[in-house]
Novice: 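Below is the structure I would like to discuss, written out as structure tokens.
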Amino acid sequence: MFLRRLLLLLCLLVAAHRSVADDGYRLWLKYDLISDPGLRKDYQKAAGFIVGAGNSPILKTAAEELQQGLQGLLGQTVPIHSAAKKGKGGIILVVEATANVSGGALGKDGYRIAEQGGNLVVTGSTESGVLYGAFALLRQLQTRQPLRGISLSSSPRIQYRLLNHWDNPNGTVERGYAGSSIWKWYELPERIDPRYQDYARANASIGINGVVINNVNASARYLTPEYLEKVVALASVMRPYGIRVYLSVLWAAPKVIGGLASSDPLDPKVKQWWTAKTDEIYKAIPDFGGFLVKANSEGEPGPQDYGRDHADGANMLADALGAHDGLVMWRAFVYKANSNGDRFKEAYQEFKPLDGRFKPKTLVQVKNGPIDFQAREPFHPLFGAMPRTPLVLEVQLTQEYLGFATHWVYLAPMFKETLDADTYANGPGSTVAKVVDGSVDQHAISGIAGVANIGADRNWTGHPMGQANWYAFGRLAWDYTLSSQTIAEEWARQTLTADAPAVRTIADVMVRSHGIYTRYTMPLGLHHIMGQTIHYGPEPWLASSARPDWTAVYYHKADAVGLGFDRTEKGSNALALYKPEVQRRWNDPSTCPPNYLLWFHHVPWTQPLSTGRTLWNELCTRYYTGADSVTWMQQQWATVKPQVDAELHADVAARLQTQRKEALWWRDACVLYFQSFAKQPIPAPFSPPERTLDEIKRLVTIYQLR
Ligand code: BDP
């Protein structure tokens with residue numbers, strides 16, 4: 001009998017242990033019971049009940065999310081009351097459009113959390129503000145902050161905070177590394193996967209308020225009545241979380257599904273078609289967000305097919321929106337095939353002359369850098385150059401050029417590098433962030449977009465650490481003044497462990513990881529030397545492709561003299577696109593930050609750099625120390641093994657092994673290839689690679705095979 005009981009107990013223990021194994025599904029919203037009984041008691045005293053602010057869908061969500069979170073964290077029932085409840089020790093949710101905080105009124109969708117009369121009052125300036133406040137309060141508990149004396153207020157600095165999904169109707173995801181699309185088009189609208197709600201919850205918890213659900217290389221299918229029904233179903237899941245749904249549209253849709261002969265934006269029939277289509281969408285989805293357009297870019301159709309320009313196209317769609325509350329986000333990611341040109345300048349040359357021509361409700365969406373989401377890019381010269389047009393900053397969370405779901409790269413430092421860059425558009429301090437939030441040019445609308453790294457993998461992002469990039473994007477979109485370190489610690493504490501030293505170790509690795517990645521892949525401002533088509537692994541020797549600006553040699557320009565793209569006056573003069581203050585700094589190789597050097601200069605191999613080493617020696621040093629730093633990452637990760645979930649620890653440890661292996665590919669491929677131009681030995685204390693360039697080329701080629 002005793003033995004049987006013991007056996008049963010053991011089975012239960014094993015089962016319990018299994019059930020808490022962390023598969024990453026719960027993201028940063030774990031809400032596990034707080035183990036410190038003292039702290040738990042304090043929280044229980046302050047959060048014994050909730051008084052809801054009302055019964056609208058968003059307000060109900062706010063109360064219910066708070067309830068669910070608190071019940072998990074505190075291990076007790078937390079009732080929701082509808083009317084102001086007498087008593088102390090509860091949380092009161094309030095909407096107050098004119099709520100003030102020290103320093104002024106709360107911004108739109110802002111919140112304030114303060115103690116009042118023995119309760120915690122969460123005030124939102126809108127219903128969404130209450131929801132964000134509820135999540136902010138949960139974050140306080142999840143990161144074990146005291147509630148006594150709490151006084152917090154925050155308002156979003158950027159108004160439209162969007163995820164852009166590059167998801168296709170057949171379930172694939174362009175540049176997606178976390179499985180297939182989370183949208184199950186063939187099941188919708190009848191079956192609503194419960195995952196959609198968890199997705200909405202995660203987004204709302206970090207302030208994301210819009211999602212473009214389909215690829216910018218868009219299918220016309222989404223605009224058919226059959227697919228709009230499906231979009232309606234998704235919109236109804238997002239709505240209670242304050243999230244609006246947007247669509248990427250195919251420019252040629254009037255031809256493809258409308259039976260028209262043209263999609264010329266100035267053709268009255270085309271205008272009529274879009275107006276009717278837009279009305280149809282708003283009838284079904286009254287809070288529809290609007291359209292995202294990739295036109296005349298990488299083979300996509302657009303207004304230029306009819307001799308019109310981007311502004312003609314965007315304005316026609318803005319007219320079609322009419323009085324509906326929606327936006328047109330028109331992408332500036334364009335580059336003509338011009339073998340004598342410099343791709344760096346092309347978007348600027350096309351869009352700058354259009355400044356002032358875009359109608360209200362139209363925003364131009366610009367990638368962080370001038371080429372294409374490279375590991376590190378200088379800020380796009382359009383920021384600060386289009387004062388009469390609101391610009392959306394587009395960053396990429398999916399790691400197309402940053403090692404897919406294999407390499408651990410925390411992207412907040414990269415996003416911040418762009419956000420904090422000074423354009424000098426309106427004097428010093430005109431950072432990209434302030435151009436984007438509208439404050440430099442007094443725009444009433446502002447937006448930021450992150451190309452999602454989310455897929456159907458159980459843990460959402462493939463690499464467990466990729467979740468931090470989703471999280472960081474939302475937090476920075478809300479408040480770009482937060483530091484990368486703060487966000488990393490906040491995320492790690494909620495997601496991985498409550499152990500403070502372990503959190504610090506993990507955050508330290510995170511914050512350095514982007515610098516490490518660039519060192520072993522594209523140091524000193526090298527760019528676009530990755531594997532053709534797949535954009536994975538090194539291929540600096542790539543000399544021919546369908547277009548010259550898809551090769552690597554177009555960008556690195558290695559020769560017997562040196563390395564790098566001369567974009568000064570003597571070269572393509574792309575530097576002239578920036579304000580004089582920026583030009584001055586980057587124009588002189590001795591003041592140009594080493595991280596941008598080869599973006600702008602063709603530097604002799606023997607040239608001493610500000611680091612004291614010659615270009616060749618510095619290049620080798622970065623490749624070698626970068627690859628070695630992955631070993632450091634592995635060591636750091638090993639030290640936190642006792643503090644994080646075993647399954648998750650093993651997952652990340654295994655991915656780090658691949659990362660180390662591939663960092664060595666990058667190192668060996670690049671030093672051996674560039675050595676064939678520099679004709680210099682690998683400097684001490686580093687040892688030359690043990691394999692030949694041909695051996696490494698073969699390895700990389702395997703990844704390109706069909
Ligand atoms: C590039 C991707 C391509 C996208 C394109 C875009 O390689 O798949 O369609 O960006 O942003 O980085 O439109």
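Atom set for the values below is all heavy atoms of this structure, side chains included, hydrogens, waters and symmetry mates excluded. All values derive from a computational prediction rather than experimental measurement. Whatever order the structure lists them in is the order used to number ligands and atoms, beginning at 1.
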Novice: Is Arg308 positioned over the aromatic face of Tyr306, cation under 6.0 angstrom from the ring centre and no more than 45 degrees off axis?
Specialist: no
Novice: Judged by modelled atom types alone, do His527 and Tyr401 share a side-chain donor-acceptor pair under 3.5 Å?
Specialist: no
Novice: Please state whether the rings of His528 and Tyr555 are parallel, tilted or perpendicular, taking 30° and 60° as the class boundaries.
Specialist: parallel
Novice: Can you classify the ring geometry of Trp185 versus Tyr222 as parallel (below 30°), tilted (30 to 60°) or perpendicular (above 60°)?
Specialist: perpendicular
Novice: Quick check: do Arg376 and Glu417 have side-chain heavy atoms less than 4.5 Å from each other?
Specialist: yes
Novice: Mind checking what residues have non-hydrogen atoms under 4.0 angstrom from ligand 1?
Specialist: Trp166, Glu174, Arg175, Val216, Asn217, Lys294, Glu298, Arg331, Phe333, Lys367, Asp372, Glu400, Tyr401, His535
Novice: Which pairs pass salt bridge (Lys or Arg N to Asp or Glu O under 4.0 Å) with one or both residues in residues 397-407, sequence neighbours excluded?
Specialist: Arg175-Glu400
